[in-house]
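Written below as structure tokens is the structure these notes are about.
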Amino acid sequence: MPELPEVETVVRSLASTITGLTVRSHRISWAGTTRGTDPGLWKELCGREILRLSRRGKMILMEFTAGLTLLIHLKMTGQLLLVPGRKPRDKHTHFILRFAGRTDELRFRDVRKFGFVRCVRSDVLPGLREIRDLGPEPLELDFRSFGLIFKNKKGRLKSRLLDQKALAGIGNIYADEMLHRARLHPLTRAGSLREPELKRLWKSMRRVLREAIKHGGSSIRDFRDSSGAEGEFQVRHRVYGRERLPCPGCGLEIRRIKVGGRSSYFCAACQKKARRPARGRSRTV
DNA sequence: GCCACTGTTAGCAT
DNA sequence: CATGCTAACAGTGG
């Protein structure tokens with residue numbers, strides 16, 4: 001569930017509450033969550049201070065003193081929650097960090113167990129596949145570079161938006177939402193976009209992502225920020241999850257199709273495949 | 001009970 | 001190389 005706006009929301013809510021805290025202890029309840037970590041690093045983490053929280057695509061980076069970093073991915077159902085240590089843990093809480101002088105603790109919950117919390121030495125970060133292979137940040141990309149992402153690409157436009165190596169952080173919800181606002185069909189061939197369509201898409205991408213961040217992301221089912229609060233952007237969705245409901249633009253029923261195996265919601269009237277004008281015909285002599 | 005579906009993506013097939 | 005499909009897991013809803 002968590003895409004760029006949700007991850008950004010978590011990072012912001014955590015940054016203001018745990019930056020500067022010192023690790024007192026950790027607890028691993030399900031080892032799968034910490035896969036990829038050299039087990040020896042955990043004792044090094046104890047006593048270290050949190051220097052900085054940041055986001056790269058959908059990845060969360062928590063930097064500590066002594067050159068250690070926690071790399072966290074929420075995947076589908078992961079949550080990072082700052083809760084009172086007295087609160088009972090449920091069976092989906094897989095990892096916990098406790099801090100010096102604090103009774104509350106940071107818990108990683110993940111119903112589907114796809115997510116991970118990996119501790120690494122900060123200097124290896126740039127070489128890690130999960131970081132190295134990420135495309136540019138959508139909100140830091142100028143229009144010209146944005147256009148090049150689609151040039152000569154054979155696949156579907158929506159699949160390209162979801163490709164983390166092309167653009168980092170866009171997921172199923174926001175791909176559908178930005179396509180609707182840009183009036184583009186999800187099955188459009190990525191390489192068929194021309195300047196006007198690219199401009200609409202670039203502007204829609206920026207508008208949707210920034211608005212979603214402003215509203216704390218979308219809570220369809222599991223998403224919560226670090227205080228447990230839901231996002232508010234789901235009530236502003238125009239197409240995602242709205243099959244058979246009227247399109248806010250024209251009133252026609254929103255349809256659902258599969259694109260690259262992912263559910264895709266769109267309005268068949270507002271979102272036409274970009275049609276290149278037929279050449280060599282209808283010349284007005 | 002069974003089946004389809006779910007916000008991600010690594011890994012494999014084509 | 002580029003692109004497409006599926007499994008990994010657990011829960012929910014029809």
Side-chain angles (χ1 to χ4, degrees), chain A residues 1-10 29-36 55-60 71-80 90-95 108-118 128-135 138 148-179 186-192 208-209 212-213 215-225 230-244 255-265:
Chain A
M1 86 219 247
E3 309 180 21
L4 188 156
E6 288 74 30
V7 177
E8 181 68 22
T9 297
V10 169
S29 309
W30 186 68
T33 285
T34 59
R35 61 190 177 272
R55 176 191 62 75
R56 180 74 177 91
K58 300 173 193 174
M59 301 270 348
I60 296 169
L71 194 62
I72 301 168
H73 200 305
L74 305 175
K75 290 290 180 90
M76 302 275 276
T77 54
Q79 300 174 331
L80 275 176
D90 70 357
K91 63 174 179 173
H92 302 301
T93 298
H94 307 309
F95 179 84
F108 180 81
R109 275 190 89 238
D110 187 9
V111 170
R112 291 179 74 175
K113 297 179 172 175
F114 292 169
F116 59 82
V117 177
R118 185 196 306 183
L128 291 184
R129 209 170 17 83
E130 287 87 346
I131 298 292
R132 192 213 333 135
D133 291 349
L134 288 176
L148 295 177
I149 289 172
F150 306 93
K151 195 174 179 183
N152 298 329
K153 290 295 176 272
K154 303 290 192 183
R156 305 298 184 175
L157 177 55
K158 176 169 175 182
S159 300
R160 192 71 183 145
L161 288 172
L162 292 177
D163 185 346
Q164 302 299 297
K165 294 187 280 305
L167 276 168
I170 296 172
N172 205 33
I173 294 175
Y174 297 101
D176 279 2
E177 292 297 319
M178 65 184 69
L179 284 170
L187 289 175
T188 307
R189 293 290 171 185
S192 74
V208 166
L209 294 178
I213 291 170
H215 292 278
S218 306
S219 293
I220 300 299
R221 165 165 274 162
D222 305 284
F223 175 68
R224 300 291 185 275
D225 73 8
E230 296 188 10
E232 306 285 351
F233 193 70
Q234 62 280 6
V235 304
R236 307 176 101 88
H237 290 174
R238 297 192 186 175
V239 288
Y240 183 82
R242 298 177 50 80
E243 187 180 17
R244 292 190 303 277
R255 292 177 46 198
R256 175 163 74 145
I257 60 174
K258 290 283 182 188
V259 179
R262 316 292 306 279
S263 266
S264 301
Y265 301 87

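Note on naming: letters A, B, ... go to the chains in the order of the sequence lines (proteins, then strands), and numbering restarts at 1 for each one. Just so it is clear, the model here is predicted, and its values are computed rather than measured.
- Taking the six-membered ring where tryptophan is involved, the planes of A:Phe233 and A:His215 are tilted, since the angle between them lies from 30° to 60°.
- Judged by distance alone, with hydrogens and angles left aside, A:Arg112 brings no side-chain donor or acceptor close enough to the base of B:dT8 to form a pair under 3.5 Å.
- Across the protein-nucleic acid pair, A:Gln164 atom CD and C:dA2 atom P stand 17 Å apart, rounded to whole Å.
- Close to C:dG11, at under 4.0 Å from its OP1 or OP2, lies a side-chain N or O of A:Lys91.
- Taking atom NZ of residue A:Lys154 and atom P of nucleotide C:dC1, one finds them 18 Å apart after rounding to whole Å.
- Between the A:His94 side chain and the A:His92 main chain, a donor and an acceptor come within less than 3.5 Å of each other.
- B:dC12 sits 16 Å from C:dC9 when the P atoms are compared, rounded to a whole Å.
- Residue whose closest nucleotide on DNA chain C sits further toward the 5' end, between A:Val111 and A:Lys153: A:Lys153.
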Stepwise side chain to side chain contact (heavy atoms under 4.5 Å, CB included) check, A:Lys58 with A:Gln164: CA-CA 9 Å; A:Lys58 300 173 193 174; A:Gln164 302 299 297; 3.6 Å; yes
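- For C:dG4, neither phosphate oxygen OP1 nor OP2 lies less than 4.0 angstrom from any side-chain nitrogen or oxygen of A:Arg262.
- OP1 or OP2 of C:dG11 has at least one side-chain nitrogen or oxygen of A:His92 nearer than 4.0 Å.
- For the pair A:Lys75 NZ and B:dT8 C1', the computed distance is 6 Å after rounding to whole Å.
- Heavy-atom distances to DNA chain B give each of A:Lys165 and A:Glu6 a nearest nucleotide, and the one nearer the 5′ end belongs to A:Glu6.
- Rounded to whole Å, atom P of C:dG11 lies 12 Å from atom CZ of A:Phe114.
- Across the protein-nucleic acid pair, A:Arg221 atom CZ and C:dC9 atom C1' stand 14 Å apart, rounded to whole Å.
- Under the Watson-Crick and G-U wobble criteria, each requiring two contacts below 3.5 Å, nucleotide C:dC9 is left unpaired.
- Per the geometry, CG belonging to A:Leu71 stands 17 Å off P belonging to B:dT8, to the nearest Å.
- At the heavy-atom level, A:Asp110 lies nowhere under 4.0 Å from the strands shown.
- In this structure, A:Asp133 atom CG and C:dA2 atom P are separated by 13 Å, rounded to whole Å.
- Residue contacts for A:Gly261: at a heavy-atom cut-off of 4.0 Å it reaches no nucleic acid atom on any strand shown.
- Judged by distance alone, the side chains of A:Ser263 and A:Arg256 do bring a donor and an acceptor atom under 3.5 Å apart.
- At whole-Å resolution of the value, CZ in A:Arg189 and C1' in C:dG4 are 12 Å apart.
- Salt-bridge formation is not detected for the pair A:Asp110/A:Lys75: no Lys NZ or Arg NE/NH1/NH2 atom is positioned less than 4.0 Å from an Asp or Glu carboxylate oxygen.
- Between A:Lys113 and the phosphate of C:dA8, there is no side-chain N or O to OP1/OP2 separation shorter than 4.0 Å.
- Between A:Lys158 and A:Asp176, at least one side-chain N (NZ, or NE/NH1/NH2) sits under 4.0 Å from a carboxylate O, which counts as a salt bridge.
- Among the protein residues, A:Arg35 comes within range of no part of the nucleic acid, since none of its heavy atoms lies under 4.0 Å from any strand.
- Side-chain N/O atoms of A:Lys258 include one lying less than 4.0 angstrom from OP1 or OP2 on B:dT6.
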